[in-house]
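Contents: one structure, followed by commentary.
A, B, ... follow the sequence lines: proteins, then strands. Residue 1 opens every chain.
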Protein chains: 2
Amino acid sequence: MTSVRPIRLLLADDEHLIRGALAALLALEDDLLVVAEAATGPEALAMARAHAPDVAVLDLQMPGADGVKVATSLRAELPACRVLIVTSHGRPGHLKRALGAGARGFVPKTVSAQRLAEIIRTVHAGNRYVDPELAADAIAAGDSPLTEREAEVLEYAADGAPVAEIAERAALSQGTVRNYLSSAASKLGAENRHTAVRLARERGWV
Amino acid sequence: MTSVRPIRLLLADDEHLIRGALAALLALEDDLLVVAEAATGPEALAMARAHAPDVAVLDLQMPGADGVKVATSLRAELPACRVLIVTSHGRPGHLKRALGAGARGFVPKTVSAQRLAEIIRTVHAGNRYVDPELAADAIAAGDSPLTEREAEVLEYAADGAPVAEIAERAALSQGTVRNYLSSAASKLGAENRHTAVRLARERGWV
DNA sequence: CGCTGCACATGACAAATGTCAGAAACCCCG
DNA sequence: CGGGGTTTCTGACATTTGTCATGTGCAGCG
């Protein structure tokens with residue numbers, strides 16, 4: 001008997017083209033078997049419950065719930081399922097959040113399919129794998145200097161909402177909100193809250 | 001002789017994983033031949049010059065120069081080369097710009113590889129193809145209601161710069177700048193200039 | 001020509017935002 | 001326990017931003 005039980009995979013990515021192509025390429029590897037595909041966060045969760053894959057390969061950006069949220073849920077529901085996050089444009093902070101959510105691997109889409117297959121095996125074996133370049137970025141960017149409240153308020157401010165609305169949603173006084181925004185902006189070296197939001201986004205801190 | 005001259009393709013996408021997977025899938029089609037790949041805009045241009053492909057499949061978002069810019073250059077240098085733009089998240093305005101730049105096709109990455117192959121053939125035959133859903137979005141979004149100056153000022157405001165800086169860069173008084181921002185915001189139905197910038201971005205008007 | 005509509009431009013005023021000094025609550029460590 | 005530091009929170013003040021009334025010039029039209 002040369003046949004070994006293959007590694008069962010769940011593939012989640014909102015771009016059908018990529019997902020399909022990926023499935024085809026990974027299928028070329030003898031020891032990998034794609035058992036389920038999903039296009040959204042909730043769908044990925046449902047598929048995972050139904051098929052209990054060995055490894056879930058999740059895109060970071062998906063409609064419904066992003067890869068990190070899915071990873072968190074999977075951690076609770078299917079502890080045996082290893083999570084590997086794949087992303088187009090890696091923001092340093094996302095890496096940290098992903099690892100915090102129990103992801104075992106984090107790679108950019110710039111790797112080759114061959115390499116991805118190897119990484120899937122690595123993760124399945126119980127080891128971790130983080131793309132070296134992303135790791136370097138994450139270390140360079142460091143930890144978020146923002147306090148919990150600062151981050152919360154920045155999040156509310158993200159879509160350009162006026163302070164009054166932020167204050168209401170965060171149950172704070174307007175003055176306090178302005179204060180948090182101000183200190184967040186100065187910590188990030190931004191002139192105003194809007195550039196602060198942009199910077200925090202880039203570093204993955206919101 | 002059953003062999004027909006295949007359609008020669010150039011594939012340009014900054015994500016190696018996707019590009020490689022795509023190349024593999026398209027290679028399965030008898031009549032398609034990937035003759036060159038590129039990861040950046042300039043690289044795509046160089047490759048096109050070197051290999052003179054029949055169809056160039058370009059990602060919209062690439063480092064260096066985006067798909068539309070590449071399309072413009074190709075139009076001038078290699079008029080025989082049909083351009084097909086592929087994008088992850090289609091903004092209505094981009095479609096218009098792409099067609100204006102001479103692109104013959106515009107599709108989201110949510111199509112299947114099979115479908116993409118058909119579309120490549122369609123485009124190669126000299127016809128145009130635009131994804132119906134994106135077309136509907138573009139029609140719904142309509143033309144930009146912004147005047148030249150309004151768009152210019154919004155562009156400067158895009159990265160959160162204060163009005164004073166925008167005024168200097170646009171060689172206008174601060175009052176005038178605020179005026180344009182204000183009218184642009186009201187045209188877009190936004191509360192303030194920052195959400196206006198976001199909306200204009202989403203519709204591809206900046 | 002005179003009128004209308006529109007893009008472009010400005011400054012004055014009102015509203016929203018950013019900055020500051022400081023107070024209460026909390027945590028950590030000696 | 002007590003003191004040093006940090007987070008959370010507030011109001012007062014200065015600055016920035018948004019709104020409005022208004023003016024100019026230009027293109028199309030009766």
Working for side-chain contact (heavy atoms from CB on, under 4.5 Å), residues B/L181 and B/L154:
CA-CA 7 Å; B/L181 290 174; B/L154 253 198; 4.1 Å; yes
Could you work out, with ring-ring contact (aromatic ring centres under 6.0 Å, His included) as the rule, every residue matching B/H94, not counting sequence neighbours?
none
Let me test you: for the helix from C/dC1-D/dG30 to C/dG30-D/dC1, what is the angle between the axes at its two ends (five pairs each), rounded to 10 degrees?
20°
Yes or no on side-chain contact (heavy atoms from CB on, under 4.5 Å) for A/L45 and A/L74, after CA distance, side-chain angles and deciding distance?
CA-CA 7 Å; A/L45 269 177; A/L74 280 182; 4.0 Å; yes
For B/S173, answer base if it contacts any base atom (sugar-phosphate contacts may also be present), sugar-phosphate if it contacts only those atoms, and nothing otherwise; contact means non-hydrogen atoms under 4.0 Å.
sugar-phosphate
Euclidean distance, B/S88 OG relative to B/D13 CG, rounded to 0.5 Å:
7.5 Å
I'd like to compare against my own output: the B/S/- annotation of nucleotides 20-29 of chain C with a strict under-4.0 Å heavy-atom distance to protein.
BB--------
Do B/V107 and A/L17 have side chains that approach each other closer than 4.5 Å (heavy atoms only, starting at C-beta)?
no
Once salt bridge (Lys or Arg N to Asp or Glu O under 4.0 Å) is applied, what residue pairs with a partner in residues 153-162 of chain B remain, sequence neighbours excluded?
none
Just how far is it from atom CG of A/L95 to atom CG of A/D131, taken to the nearest 0.5 Å?
9.0 Å
Among residues 159-167 of chain B, which contact DNA chain D at a heavy-atom distance under 4.0 Å?
B/P162, B/V163
Check nucleotides 5-7 of chain C against the protein and report each pair of N or O atoms closer than 3.5 Å, with its distance, or say if there are none.
none

Do B/L116 and B/L84 have side chains that approach each other closer than 4.5 Å (heavy atoms only, starting at C-beta)?
yes
Does anyone know the first and last nucleotide of DNA chain D in reach of chain A, 5' to 3', at under 4.0 angstrom to a heavy atom?
D/dT7 to D/dA12
Expressed as a whole number of angstroms, how long is the span from B/L181:CG to C/dA16:C1'?
15 Å
Taking CG from A/N192 and P from C/dA16, how many angstroms apart are they, rounded to a whole number?
18 Å
Give the table of side-chain donor-acceptor pairs shorter than 3.5 Å for residues 164-173 of chain A, with sequence neighbours excluded, one pair per line with atom names and distance.
unit_1: A/S173; atom_1: OG; unit_2: A/G175; atom_2: N; d: 3.3
unit_1: A/S173; atom_1: OG; unit_2: A/T176; atom_2: N; d: 3.1
unit_1: A/S173; atom_1: OG; unit_2: A/T176; atom_2: OG1; d: 2.9

Donor-acceptor pairs under 3.5 angstrom involving side-chain atoms of residues 50-63 of chain B: please list them, not counting sequence neighbours.
unit_1: B/H51; atom_1: ND1; unit_2: B/M47; atom_2: O; d: 3.2
unit_1: B/D54; atom_1: OD2; unit_2: B/R8; atom_2: N; d: 2.8

Donor-acceptor pair, A/K109 side chain versus B/E15 backbone, under 3.5 Å?
no
If you apply the rule side-chain contact (heavy atoms from CB on, under 4.5 Å), what do you find for A/T40 with A/D14, and how did you get there?
CA-CA 6 Å; A/T40 68; A/D14 58 327; over 6 Å; no
For B/K69, side chain to side chain contact (heavy atoms under 4.5 Å, CB included) partners two or more places apart:
B/A65, B/D66
What pairs meet the salt bridge (Lys or Arg N to Asp or Glu O under 4.0 Å) rule with one or both residues in residues 36-51 of chain B, with sequence neighbours excluded?
B/R19-B/E37, B/R49-B/E77
Nearest whole angstrom, please: distance from the C1' of C/dA16 to the NE2 of A/H194.
10 Å
Protein-nucleotide distance (B/R178, atom CZ; C/dA12, atom P), rounded to Å
11 Å
Pairs of donor and acceptor atoms involving the side chains of residues 119-127 of chain A, under 3.5 Å and at least two apart or interchain, shall be tabulated with distances.
unit_1: A/R121; atom_1: NE; unit_2: A/D31; atom_2: OD1; d: 3.4
unit_1: A/R121; atom_1: NE; unit_2: A/D31; atom_2: OD2; d: 2.5
unit_1: A/R121; atom_1: NH2; unit_2: A/E29; atom_2: OE1; d: 2.7
unit_1: A/R121; atom_1: NH2; unit_2: A/D31; atom_2: OD1; d: 3.1
unit_1: A/T122; atom_1: OG1; unit_2: A/E118; atom_2: O; d: 3.0

